[in-house]
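In listed order, ligands and their atoms are each counted from 1. Residues: numbered from 1 along the sequence shown.
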Amino acid sequence: MANKILVTGGAGYIGSHTVVELYNAGYEVIIVDNFVNSNLEVINRINEITHQKPIVYPIDLLIKDDLEKVFSQHKFDGVIHFAGLKAVGESTQYPLKYYKENILSTINLCDLMNKYDVKNLVFSSSATVYSPENEMPVNEEGKLRPSNPYGRTKLFIEEILRDLYQADNDWRIVLLRYFNPVGAHESGLIGESPKGIPNNLMPFITNVATGNLKVLKVFGSDYDTVDGSGVRDYIHVTDLAKGHVKALQKNVNPGIRTYNMGTGNGYSVLEVIKAFEKATNRKISYEIVDRRPGDVAVSFADPTKAMEELHWKAEKNILEMCRDAWKWQSKNPNGYN
Ligand code: NAD
Ligand code: WQD
């Protein structure tokens with residue numbers, strides 16, 4: 001019998017790609033998602049790609065009784081926990097909403113994992129937990145100091161999980177700190193479908209390319225970088241999804257382990273625009289504006305630990321990230337809507 005994995009937030013951007021890779025690796029998948037930031041159509045698309053259909057529970061992790069019904073109906077071998085809110089700007093406006101949604105839902109989940117003896121967890125953390133003072137590339141020992149409430153929910157959850165392991169050494173926990181996930185499944189059937197105007201660079205670029213948006217604003221031209229624009233570690237979402245499968249496969253001994261999920265390469269905003277133009281043969285109109293408050297100049301990973309311990313390495317390059325982001329957006333100009 002295949003290992004059965006509960007994927008919270010499995011209808012979302014990274015979750016849906018991970019569900020595909022879990023099926024490719026032979027797992028059985030159950031999804032819990034309240035669809036605040038996703039669309040049921042993604043399940044048909046997963047089916048089109050994998051010829052498998054996950055059971056989906058459209059429930060909110062904050063409603064513990066509903067979640068308990070799921071645990072009472074299935075014996076899980078592990079949980080990948082993606083569900084949560086992720087908009088940095090919104091988190092500064094509504095911090096309590098973020099603390100409640102992200103932290104309480106994780107506590108509910110872990111309580112039930114304890115009760116039903118499923119002490120095997122992979123958690124979506126973020127590079128945003130690192131202090132901007134770290135030298136780049138940053139490894140897992142880097143100083144931790146997130147600069148917004150969203151990032152603090154991730155750090156606090158990491159700390160809660162560290163406490164949980166200290167209290168009960170039976171747990172197997174992996175914290176994955178993602179850098180900047182972009183791109184889409186190579187089929188163009190699933191991808192990132194932000195609601196409203198995108199905050200992140202790649203979906204903004206793809207929406208300029210379709211004509212949905214007129215012009216990209218490049219935030220800042222006076223950073224201490226190759227060309228003055230901000231530098232990030234973009235990682236293809238399929239590579240990231242495969243990283244989760246590796247993390248599950250290697251999570252056999254009790255412990256709590258942390259891994260950066262990045263390529264180890266930094267690209268500036270202007271370099272990403274050029275790569276997109278090259279990969280897609282489309283022109284992106286852009287204008288340079290002031291820095292965006294809260295942004296750092298440079299952020300990229302030292303992914304050595306994940307290579308050594310998980311035997312995982314991001315394989316797709318920036319051109320493939322752009323090509324697949326565009327394939328998804330051009331086939332689905334309004335995302336899943
Ligand atoms: P996403 O919004 O596409 O996916 C999250 C999913 O969780 C959505 O389908 C949403 O409907 C669901 N959800 C939210 N609150 C829920 C709740 N209370 N109960 C049930 N379902 C709920 O986001 P994503 O980009 O796929 O991110 C997945 C995870 O990775 C998040 O925890 C996010 O913070 C983290 N992360 C994302 C990035 C990124 O750049 N995308 C970077 C670092 C970390
Ligand atoms: C990338 C670069 C911008 C938009 C965010 C979260 C982080 C993590 C990943 C969840 C920066 C520039 C962007 C635009 C631009 N999410 N940019 N014009 O800010 O690195 O990280 O997503 O954990 O927590 O903060 O990603 O895609 O917004 O920006 O010039 O319209 O593109 O200034 O240099 P960021 P991003």
For [atom], find the nearest protein heavy atom and state the residue, atom name and distance (0.1 Å precision).
{"atom": "atom 19 (O) of ligand 2", "result": "R292 NH2, 2.9 Å"}
{"atom": "atom 11 (C) of ligand 2", "result": "R232 NH2, 3.7 Å"}
{"atom": "atom 27 (O) of ligand 2", "result": "L201 N, 2.8 Å"}
{"atom": "atom 12 (C) of ligand 2", "result": "V269 CG2, 3.6 Å"}
{"atom": "atom 25 (O) of ligand 1", "result": "K86 NZ, 2.7 Å"}
{"atom": "atom 33 (O) of ligand 2", "result": "D295 OD2, 2.6 Å"}
{"atom": "atom 24 (O) of ligand 2", "result": "T128 CB, 3.4 Å"}
{"atom": "atom 5 (C) of ligand 1", "result": "G84 O, 3.9 Å"}
{"atom": "atom 25 (O) of ligand 2", "result": "V88 CG2, 3.4 Å"}
{"atom": "atom 36 (P) of ligand 2", "result": "N200 ND2, 3.4 Å"}
{"atom": "atom 11 (O) of ligand 1", "result": "D33 OD1, 2.7 Å"}

Pull out every atom of ligand 1 sitting under 4.0 Å from any heavy atom of [X], numbered as shown with elements.
{"X": "E101", "answer": "18 (N)"}
{"X": "S125", "answer": "43 (C), 44 (C)"}
{"X": "I59", "answer": "19 (N), 20 (C)"}
{"X": "D60", "answer": "17 (C), 18 (N), 19 (N)"}
{"X": "A83", "answer": "7 (O), 13 (N), 21 (N), 22 (C)"}
{"X": "G9", "answer": "6 (C), 7 (O)"}
{"X": "F35", "answer": "11 (O)"}
{"X": "S124", "answer": "29 (C), 30 (O), 32 (O), 35 (C)"}

Report yes if [X] has an N/O atom closer than 3.5 Å to an N/O atom of ligand 1; otherwise report no.
{"X": "F82", "value": "yes"}
{"X": "S105", "value": "no"}
{"X": "V36", "value": "yes"}
{"X": "L61", "value": "yes"}
{"X": "S38", "value": "yes"}
{"X": "I14", "value": "yes"}

Under the side chain to side chain donor-acceptor pair (under 3.5 Å) criterion, do T238 and H17 qualify, and how do the steps go? CA-CA 6 Å; T238 297; H17 288 81; 5.2 Å; no
Under 4.0 Å from any heavy atom of [X], which atoms of ligand 2 are there?
{"X": "K217", "answer": "14 (C), 15 (C), 18 (N), 30 (O), 31 (O)"}
{"X": "N199", "answer": "4 (C), 28 (O)"}
{"X": "S126", "answer": "10 (C), 23 (O), 24 (O)"}
{"X": "N180", "answer": "20 (O), 21 (O), 26 (O), 35 (P)"}
{"X": "V218", "answer": "30 (O)"}

Is a side-chain donor or acceptor of N3 paired with a backbone partner of Y27 at a separation under 3.5 angstrom?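 Absent.
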Option among E308, K246, E309 that satisfies the side chain to side chain donor-acceptor pair (under 3.5 Å) test with Y259: E309
Candidates Q329, R282, K327 - the one meeting side chain to side chain donor-acceptor pair (under 3.5 Å) with T206: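 Of Q329, R282, K327, side chain to side chain donor-acceptor pair (under 3.5 Å) with T206 is met by Q329 alone.
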Tell me whether the count of non-hydrogen atoms from other residues, nucleotides or ligands lying under 6.0 Å of CG in D224 goes above 12. no
Taking non-hydrogen atoms only, is Y234 closer than 4.0 angstrom to ligand 2 via side chain, backbone, both or neither? side chain
Is it the side chain, the backbone, both or neither of V272 that has a heavy atom closer than 4.0 Å to ligand 2? neither
Begin from the C-alpha positions of T258 and E140 and carry the test side chain to side chain donor-acceptor pair (under 3.5 Å) through to its verdict. CA-CA 7 Å; T258 308; E140 292 77 0; over 6 Å; no
I'd like to know whether ligand 1 has [X] as a neighbour, heavy-atom separation below 4.0 Å.
{"X": "K154", "answer": "yes"}
{"X": "S193", "answer": "no"}
{"X": "N200", "answer": "no"}

Report the member of [options] with the shortest heavy-atom distance to [atom].
{"atom": "atom 33 (C) of ligand 1", "options": "Y57, Y150, Y13", "answer": "Y150"}
{"atom": "atom 30 (O) of ligand 1", "options": "Y178, Y234, Y98", "answer": "Y178"}
{"atom": "atom 16 (N) of ligand 2", "options": "F219, Y286, Y150", "answer": "Y150"}
{"atom": "atom 1 (P) of ligand 1", "options": "I31, I80, N37", "answer": "N37"}

Keeping to residues at least two apart or across chains, list the salt bridge (charged side-chain N to carboxylate O under 4.0 Å, His left out) pairs with something in residues 122-138. E133-K143, E133-R145
Only pairs at least two apart or in different chains count here, so list each salt bridge (charged side-chain N to carboxylate O under 4.0 Å, His left out) that has a residue in residues 58-85.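 Qualifying pairs: K64-D111, D66-K69, E68-K115.
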Any chance you could lay out the side chain to side chain contact (heavy atoms under 4.5 Å, CB included) test for Y267 and T225, step after step, and finish with the verdict? CA-CA 10 Å; Y267 287 92; T225 61; over 6 Å; no
What's the verdict on side chain to side chain contact (heavy atoms under 4.5 Å, CB included) for N139 and K305, showing C-alpha distance, side-chain angles and the deciding distance? CA-CA 8 Å; N139 69 21; K305 192 177 170 204; over 6 Å; no
For the residue pair R232 / N265, report whether a side-chain donor-acceptor contact shorter than 3.5 Å exists.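 No, no side-chain donor-acceptor contact under 3.5 Å.
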